[in-house]
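Data first, discussion second: the structure below is written as structure tokens.
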Amino acid sequence: QVSLKESGPGILQPFQTLSLTCSFSGFSLGTSNMGVGWIRQTSGKGLEYLATIWWDDDKYFNPSLNSRLTVSKDTSNNQACLKITSVDTADTGTYYCTHSSYGGFFAYWGQGTLVTVSS
Amino acid sequence: DIQMTQSPASLSASLGETVTIECRASEDIYNGLAWYQQKPGKSPQLLIYNANSLHTGVPSRFSGSGSGTQYSLKINSLQSEDVASYFCQQYYNYPLTFGSGTKLEIK
């Protein structure tokens, strides 16, 4: 049974760095072809794909945010992390982590964590 | 990036009706298309993948079709629990992209 759960700061100020953690079970990032994806949902852009980190530490970033994104994994603890630098109000939204496979669609999503950027 | 244009933005239908939601890609996506249902306050749930394959546990009143740049999601015999927003997503090419969504309500 695959399960994922996001955790984050809830609220942060402009220009700060957003750090999110995805804790998951039911699969391992030590297994071939497994990945964790990050997607956000904002009022401005709707559902927006951000990045994926793969079992072999390969990474893909959406070019629209490429320079601001970092993803990492902790295989032994079944966690993945996303960081977004220099946030502004347009980054306000709900952030989801997902189980990813090379199929490219998302069968499993976390419950989402709301992030608000406000001064 | 591949642009996904979804229509209509909102839809109101009666219980028992059949509804269709359309998604048009800016280029051929070779059936690399998924449909999701999102209920208020919840995360999206996968309904259809590969344009027409029903995800495990999804009721058979949901179906997907299409090819090339044009795809559709059909819901037969609309039920009250189908009230939700529906999104398409292409995965033929990165970056993965989503449609803007269709909000379905009961008349």
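Naming convention: chains lettered A, B, ... in sequence-line order (proteins, then strands); numbering from 1 in each chain. Treat the numbers as computed from the prediction; the structure is a model and nothing was measured.
In this structure, the portion of B:Tyr36 lying under 4.5 Å from any heavy atom of chain A is its side chain and not its backbone. For A:Ile39, the part lying under 4.5 angstrom from a heavy atom of chain B is the side chain only. Contact of A:Phe106 with chain B is made through backbone and side chain together, with heavy-atom distances under 4.5 Å.
Atom NZ of B:Lys103 is surrounded by 12 or fewer heavy atoms from other residues, nucleotides or ligands within 6.0 Å. Other residues, nucleotides and ligands contribute more than 12 heavy atoms inside 6.0 Å of the CZ atom of A:Arg68.
Residues A:Met34 and A:Ile53 share a hydrophobic cluster, clusters being chains of Ile/Leu/Val/Met/Phe/Trp/Tyr side chains in contact below 4.5 Å. Hydrophobic clustering keeps A:Val71 apart from A:Trp55 (ILVMFWY residues linked when any side-chain heavy atoms are closer than 4.5 Å, directly or through intermediates). Hydrophobic clustering, with ILVMFWY side chains joined whenever heavy atoms are under 4.5 angstrom apart, groups B:Val19 together with B:Leu73. There is a path of hydrophobic side-chain contacts, each under 4.5 Å, that joins B:Met4 to B:Tyr71. Neither B:Tyr49 nor A:Phe27 shares a network with the other; the hydrophobic side chains, linked directly or stepwise wherever heavy atoms of I, L, V, M, F, W or Y lie under 4.5 Å apart, form separate groups for each.
Contact annotation: the side chain of B:Gln38 never approaches that of A:Trp109 to less than 4.5 Å [non-hydrogen atoms, C-beta and beyond].
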Quick one: do A:Tyr49 and B:Tyr94 satisfy ring pair (Phe, Tyr, Trp, His ring centres under 6.0 Å)? Show the steps, please.
-> CA-CA 9 Å; A:Tyr49 168 78; B:Tyr94 279 77; 5.7 Å; yes
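Summarising the geometry, atom OG belonging to B:Ser85 is positioned 8.0 Å from atom CD belonging to A:Gln41; distances are rounded to the nearest 0.5 Å. Distance check, rounded to the nearest 0.5 Å: CG of B:Leu46 to OG1 of A:Thr98 gives 11.0 Å.
With chain A as the partner, the residue from B:Gln45, B:His55, B:Gln89 showing the most heavy-atom pairs under 4.5 Å is B:Gln89.
Shown here for A:Tyr96 and B:Pro44, the closest heavy-atom pair between the two residues is CZ-CD, 4.0 Å. The minimum heavy-atom distance between A:Glu48 and B:Phe98, with the atom names listed, is N-CD1, 4.4 Å. Shortest non-hydrogen contact noted between A:Gly104 and B:Tyr91 is O-CB, 3.3 Å.
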